[in-house]
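Here the structure is laid out as structure tokens; the discussion comes afterwards.
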Amino acid sequence: MRLGWTTGKYSTTYRAVKTVRVNGKNKTLIVKTFGSEKYICETYGVTDAKAWAKEQVRLMNEAEQEDAAVFQIELSAGKDLPMDKQRCFNGGYLFIQQIYYELGLDRICSMIRTRHGFDYNLNAILSRLLYTRILFPSSKCSSYKDSSRFIEQPDFELHQIYRALSVLAEESDYIQSRLFKNSLKVAGRRTEVIYYDCTNFYFEVEEAEDDKQYGLCKENRPLPIVGMGLFMDRDGIPLAFCIHPGNENEQKTLIPLEEKLMEKFDMSRFVVCTDAGLSSNTNRYFNNYDKANGTRDFITTQSVKKMKKHLETWMLEPDGWFLSGSDTKKTYNISELDEEDDLEKIYYKSRWIKEKVDVTIDGKTQKKELEQQLIVTYSLKYRKYLRSIRDGQIVRAMKAVQGGSKTVEHKRQNDPKRFIKADHATAEGEIADKTRYHLDKEAIEKEEMYDGFYAVCTSLDDEPEAIVRVNKRRWEIEECFRIMKSEFEARPVYLHRKERIIAHFITCFIALILYRYLEKKLDNRYTCSQIIHTLQEMDFLKYEGKGYQPTYTRTELTDALHEAFGFCTSKEIIPVKKMKKICADTKKPSA
């Protein structure tokens, strides 16, 4: 291997090349392009680009020779292990580290350090908080200890982590916006449609203070919670988040975070997609802006049980339906469908609605005109699914009645107790001595009317089928929350100070972005548990002065990781210099 270069009109570009024999002829093969003189000097802080490139070629030649090296390792059955000396190290973090540096998080930390003037290594602290959050989620104290499990050892103290948390919280908005802009240079972002949803996280405390307030916990826990609002792009990669008090209405969080996207992310043209719980008239009106130029629009689910009477009548009419995916615009009568033949088919109808609605602007309620397209779909498969779920709930309701249920109160719309009715009077209309509980058949029949129907409202004038396809991808934001809560163990939260709570969620947010890019590099072929478990198991036994011996099982997934990231650790032993080079390569910025 040797150094090669080409000189253009304005600059010289250096690369590593080698001569190979192809079909009886010598051919020059480009092994790696280092970049132009200006790029090398600015990126790696050198003054002589040619000398730097020459040294890189020398190191690459050494690495090639080391790949064929054979090591003799002597082990004695009578010799004790060294006291307090770590011998096993995790290398799975290297794949996450490469994405971390590609996204320029090290440069973000440098800018923050310049503004605040502290002397600790924020880049090392943040990176270790992220690696441990993905691989070994635990408390900040445990994260500090787990940092020693990695091949590259930490160069900071525990107290510096806690000091850094306050800085991360203060710079939360800057980190989010800068990270987004950096990501545009790495892989691009599809932000023509953005998805928004909210969830909450509970605390293992009893006292409500600051943002920790008692509210409707999605896990039915009687503990203080905080809410998180999250924006996600069309590829399932998070955009921005906000934290709000647990007793605050989630609908009010959408517009402030959206304004942040427009102000700090330089985003102006997008379609916001939400579920029915976030689709207030105020939010719809806000995103029905400048319709002629299509600056902002919305897509939101619509509860079929809460439609106005004339719209419900229109929806339930069996005639006037179109078959989704069909090239022929033919109407169908859904009451005549055959479950055996039409189970997988989806039918739709749509209409435009223009009405005066109450919206809140600058804290004042005003009457505004809102125009939107209502799209309703019908599916026999969806009807079958809903009825199978309800059948199980009816069985549970009957057992409650037979067991002498003394209440019909229920907190959620899917509670089986909604099918239990209490009679406080006799058949003659007199007050009964004893309340009688029985199955409410009328409620069951009323609910069955809506089986198979699904509704979406939008300000877009696109084809209904395209709107429905976009709306279906909302499941990915639900998956984001599941990963944070389950794999990343973001809850329960044990922190108390407000700034440290925000810092906890900014690390969870960035960790989720890193994981999503990792998943994307693997072409979404593996599950979250498969990927994280594999990275956790990628340990190496270190032989001082010789190298690192992999102790993990080589699998299809480990091969896929190495292929996607451009380095390989699935050898019988990785020499020390080779491992150092791998670690250094994962810290290089994206070209």
Side-chain angles (χ1 to χ4, degrees), residues 169 172-173 176-177 193-203 208-219 223-232 238-265 267-268 270-290 295-303 306 355-370 372 411-413 456-459 471 474 477-478 480-481 484 491 493 498-499 501-502 505-506 508-509:
S172 175
D173 287 351
Q176 292 179 59
S177 60
V193 177
I194 56 178
Y195 297 83
Y196 185 71
D197 204 355
C198 293
T199 191
N200 49 51
F201 298 82
Y202 66 91
F203 290 73
E209 59 178 348
D210 296 327
D211 288 346
K212 304 189 295 291
Q213 297 292 331
Y214 285 97
L216 183 60
C217 180
K218 295 184 184 292
E219 299 172 35
L223 294 168
I225 59 175
V226 295
M228 170 187 265
L230 180 70
F231 265 117
M232 176 193 82
L239 278 169
F241 79 97
C242 64
I243 298 297
H244 57 271
N247 59 355
E248 184 177 297
N249 186 346
E250 293 178 343
Q251 294 179 348
K252 297 179 180 180
T253 64
L254 173 63
I255 295 177
L257 189 55
E258 208 173 319
E259 289 173 336
K260 186 188 297 183
L261 292 181
M262 292 184 284
E263 177 187 351
K264 297 185 177 181
F265 288 56
M267 292 173 57
S268 57
F270 50 79
V271 178
V272 179
C273 188
T274 69
D275 64 12
L278 293 161
S279 60
S280 66
N281 287 327
T282 300
N283 290 342
R284 296 189 196 194
Y285 181 79
F286 180 80
N287 284 306
N288 198 17
Y289 174 76
D290 196 4
T295 303
R296 288 200 307 273
D297 285 284
F298 68 84
I299 300 174
T300 185
T301 55
Q302 170 67 48
S303 172
K306 296 180 180 179
E355 56 187 342
K356 291 281 187 179
V357 296
D358 291 329
V359 299
T360 303
I361 301 175
D362 297 329
K364 297 180 180 179
T365 302
Q366 304 177 27
K367 281 282 186 184
K368 294 289 183 179
E369 187 175 83
L370 178 64
Q372 54 189 331
K411 296 180 180 179
R412 296 184 180 275
Q413 61 180 359
V456 174
C457 280
T458 180
S459 58
N471 183 67
R474 285 192 306 101
I477 199 164
E478 295 289 348
C480 285
F481 289 141
M484 270 199 284
R491 56 84 172 103
V493 185
K498 184 175 182 179
E499 67 271 16
I501 292 170
I502 294 173
F505 286 110
I506 188 70
C508 292
F509 169 78

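For the numbers below, each heavy atom of this structure counts, side chains included, while hydrogens, waters and symmetry mates do not. From a predicted model like this one, the values you see are computed outputs, not experimental measurements.
- Atoms SG and CE, from Cys480 and Met232 in turn, are 6.0 Å apart once rounded to the nearest 0.5 Å.
- Thr199 has its side chain out of reach of Met484: every pair of non-hydrogen atoms, C-beta onward, lies at least 4.5 Å apart.
- Taking 4.5 Å as the limit, every side-chain heavy atom of Cys217 sits out of range of all side-chain heavy atoms of Leu223.
- With contacts defined as side-chain heavy-atom distances shorter than 4.5 Å, the pair Phe286/Val272 does not qualify.
- Although no hydrogens or angles enter the test, the distance criterion places no donor-acceptor pair under 3.5 Å between the side chain of Thr365 and the main chain of Asp358.
- Taking 4.5 Å as the limit, some side-chain heavy atom of Asp197 sits within range of a side-chain heavy atom of Glu478.
- Side-chain atoms of Gln372 and Asn288, non-hydrogen and from C-beta on, never get closer than 4.5 Å to each other.
- Here the closest heavy-atom approach between residue Ser172 and residue Phe241 is recorded as OG-CZ, 4.0 Å.
- Between Asn287 and Leu254 the shortest side-chain heavy-atom distance falls below 4.5 Å.
- The minimum heavy-atom distance between Ile299 and Val456, with the atom names listed, is CG2-CG1, 3.6 Å.
- Once rounded to the nearest 0.5 Å, the distance linking CG of Leu257 with CG of Leu239 reads 9.0 Å.
- Atoms CG and OH, from Leu230 and Tyr195 in turn, are 13.5 Å apart once rounded to the nearest 0.5 Å.
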Apply side-chain contact (heavy atoms from CB on, under 4.5 Å) to residues Val357 and Arg284 and explain how you reach the verdict. CA-CA 10 Å; Val357 296; Arg284 296 189 196 194; over 6 Å; no

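- Contact between Cys198 and Gly229 at its shortest, heavy atoms only, is SG-CA, 3.8 Å.
- Taken from CD in Glu248 to OG1 in Thr253, the straight-line distance is 7.0 Å, to the nearest 0.5 Å.
- Few gaps surround NZ on Lys260; more than 12 heavy atoms of other groups in view lie less than 6.0 Å from it.
- Using modelled atom types, no side-chain atom of Arg474 and backbone atom of Cys273 make a donor-acceptor pair closer than 3.5 Å.
- When all heavy atoms are compared, the tightest approach of Ser303 to Ala276 is N-CB, 4.4 Å.
- Residues Phe203 and Ile501 approach most closely at CE2-CD1, 3.6 Å, considering heavy atoms.
- Nearest heavy atom pair, residue Asn281 against residue Val359, reads O-CG1, 3.6 Å.
- Residues Ser279 and Thr274 have side chains that never bring a donor and an acceptor to within less than 3.5 angstrom of each other.
- Thr458 places a side-chain N or O within 3.5 Å of a backbone atom of Phe298 that can act as its donor or acceptor partner.
- In the model, Ser459 has a side-chain atom that pairs as donor or acceptor with a side-chain atom of Asp297 under 3.5 Å.
- At least one donor-acceptor pair closer than 3.5 Å links the side chain of Gln251 to the backbone N or O of Gly277.
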Show the numbers, then the answer: is there a side-chain contact (heavy atoms from CB on, under 4.5 Å) between Ile361 and Lys368? CA-CA 10 Å; Ile361 301 175; Lys368 294 289 183 179; 3.9 Å; yes

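- For the atom pair CD1 of Ile506 and CD of Gln176, the computed distance is 4.5 Å after rounding to the nearest 0.5 Å.
- Rounding to the nearest 0.5 Å places NE2 of His244 at 7.5 Å from CG of Asn200.
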Decide side-chain contact (heavy atoms from CB on, under 4.5 Å) for Ile194 and Leu261; before the verdict, give the C-alpha distance in whole Å, the side-chain angles of both, and the deciding distance to 0.1 Å. CA-CA 11 Å; Ile194 56 178; Leu261 292 181; 3.8 Å; yes

